[in-house]
Amino acid sequence: HKHDITRRCDAVTELLSGSAALALSESLPLMSKLPDVERLLARVHSMGYSESSSLSSSSSSSLGGKNPHPNTRAVLYEMATYTKRKVEDFVKLLQALRRCVDIGECWRGSSSVEVDSAGLLCRVVKGPSEGGCFPMEQLDQELQWFEENFDVQAAKSGHYEPAPGVNAEYDRTCEALDDVYAQLEQYRKDMCSSVLHCSASAWKYINTKPESRDKYYIELPVNVRVPPEFVIKGKRGKGVKQVNKYSTPTVAELVTKLEGLLDAQKTAKQC
């Protein structure tokens, strides 16, 4: 391995003189902030263990092969904390790779930084267009995509929403959800104007959050007369201030559809 040692010595010699020394001085502050990129890559790669691989592992297990990957069998009781840690690791990796691109920029341009085109240093710090092996342009493009489509703060809170166009199945589910919400709103307006003959503001949907139980119960003042299809589910207040809670077959049908779409949206987000 004498040849390898000689190449490394030549690279060090290049770093200590000429324009390469200037580029090195500009790179050092960036390199001092770099974490263990290789370790981060391995950790992020383990997060992306695909379900298809898990299923194939399960199939092989039933045939006497290896057991499924532990990630597919783990029960995570601290999901919020686990999600936050995964996002933090992914963000650290993106920031580290961005610094790698910035370091490459310090060495870009053969006219400003002269290195031996056949030497080890050139292969490490130059891009393919300049005779090196560092895929700076491609890495820069990939990072730009993540920077434009990945909401770090939302992901840390566990509410990451894929940007439109990123996940086709998720986009279709969101469109279907918007349609159900629109139908619920239109039903409210139609009933208030043509059946109940009351102000639309008198009708209030409650329990509208995705995680709520008894979704979209209808609250109406006690003095509003309702048709037989309105099934009373509860009440609050007394006397003239009493408010009744109702459900109707139409709302119940839309809520069933809504809950199915919310589950589909959650599944699509994880793909």
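These figures come from a predicted structure and were not determined experimentally. These numbers come from the heavy atoms of this one structure, side chains and all, not from hydrogens, waters or symmetry mates.
Minimum heavy-atom separation, Leu196 to Arg225: CD2-O, 3.4 Å. The shortest non-hydrogen separation linking Leu139 to Leu97 is CD2-O, 3.9 Å. Heavy-atom minimum distance, Val222 versus Gly239: CG1-O, 3.8 Å. Considering all non-hydrogen atoms of both residues, Leu24 and Met31 come closest at CD1-CE, 3.9 Å. Closest of all the heavy-atom pairs between Asp171 and Gly165 is OD2-N, 2.8 Å.
For Asp178, the side chain to side chain contact (heavy atoms under 4.5 Å, CB included) partners two or more places apart in sequence, or in a different chain, are Tyr181. Considering only residues two or more places apart in sequence or on other chains, Glu147 meets the side-chain hydrogen bond (donor to acceptor under 3.5 Å, both in side chains) condition with Arg98. Considering only residues two or more places apart in sequence or on other chains, Arg213 meets the salt bridge (Lys or Arg N to Asp or Glu O under 4.0 Å) condition with none of them. In this structure Ser199 satisfies the side-chain hydrogen bond (donor to acceptor under 3.5 Å, both in side chains) test together with Ser201, sequence neighbours excluded. Take Lys245 and apply the salt bridge (Lys or Arg N to Asp or Glu O under 4.0 Å) test, not counting sequence neighbours, and it matches no residue. Annotation: side-chain hydrogen bond (donor to acceptor under 3.5 Å, both in side chains) contacts of Gln138 (sequence neighbours excluded): none. Not a single salt bridge (Lys or Arg N to Asp or Glu O under 4.0 Å) links Arg8 to another residue, sequence neighbours left out. Contacts of Glu229 classified as salt bridge (Lys or Arg N to Asp or Glu O under 4.0 Å), with partners at least two apart in sequence or in another chain: none. Residues passing the side-chain hydrogen bond (donor to acceptor under 3.5 Å, both in side chains) test with Glu175, sequence neighbours excluded: none.
A donor-acceptor contact shorter than 3.5 Å is absent between the side chain of Asn207 and the backbone of Ser212. Between the Asn167 side chain and the Ala268 main chain, a donor and an acceptor come within less than 3.5 Å of each other. Ser194 places no side-chain N or O within donor-acceptor distance of the main-chain N or O of Met191, the cut-off being under 3.5 Å.
One finds the CG atom of Leu261 at 4.5 Å from the CG atom of Leu177 (value rounded to the nearest 0.5 Å). Distance CD/Glu137 to CD/Gln141: 8.0 Å, rounded to 0.5 Å. Note: Asn223 CG to Cys198 SG = 9.0 Å, rounded to the nearest 0.5 Å. Atom NE2 of His197 is separated from atom SG of Cys192 by 11.0 Å, given to the nearest 0.5 angstrom. Atoms CG and CG, on Asp102 and Leu30 in that order, are 6.0 Å from each other to the nearest 0.5 Å. Between the CG atom of Asp36 and the NZ atom of Lys92 there is a distance of 11.5 Å, given to the nearest 0.5 Å.
Within the structure, the salt bridge (Lys or Arg N to Asp or Glu O under 4.0 Å) test picks out the following pairs touching residues 249-263 (sequence neighbours left out): Lys215-Glu259. A ring pair (Phe, Tyr, Trp, His ring centres under 6.0 Å) check over residues 235-263, counting only residues at least two apart or in different chains, returns the pairs Phe230-Tyr246.
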Run the numbers on Tyr187 and Thr248 for side chain to side chain donor-acceptor pair (under 3.5 Å), then give the verdict.
-> CA-CA 11 Å; Tyr187 178 72; Thr248 71; 3.1 Å; yes
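Contact of the Ile103 side chain with the Leu34 side chain is registered, since non-hydrogen atoms from C-beta on lie closer than 4.5 Å. Counting heavy atoms from C-beta outward, Phe134 and Cys100 have side chains that approach closer than 4.5 Å. Between Leu220 and Val243, the closest side-chain pair of non-hydrogen atoms is not below 4.5 Å. Contact of the Arg99 side chain with the Lys33 side chain is registered, since non-hydrogen atoms from C-beta on lie closer than 4.5 Å. Contact check for Pro35 versus Leu40: side-chain heavy atoms found under the 4.5 Å cut-off.
Counted within 6.0 Å of CD on Glu211, heavy atoms from surrounding residues, nucleotides or ligands total more than 12; the atom is thus considered enclosed.
Annotation for Tyr217: hydrophobic cluster partners, listed by chain and number, are Ile206 (ILVMFWY side-chain heavy atoms under 4.5 Å, direct or chained).
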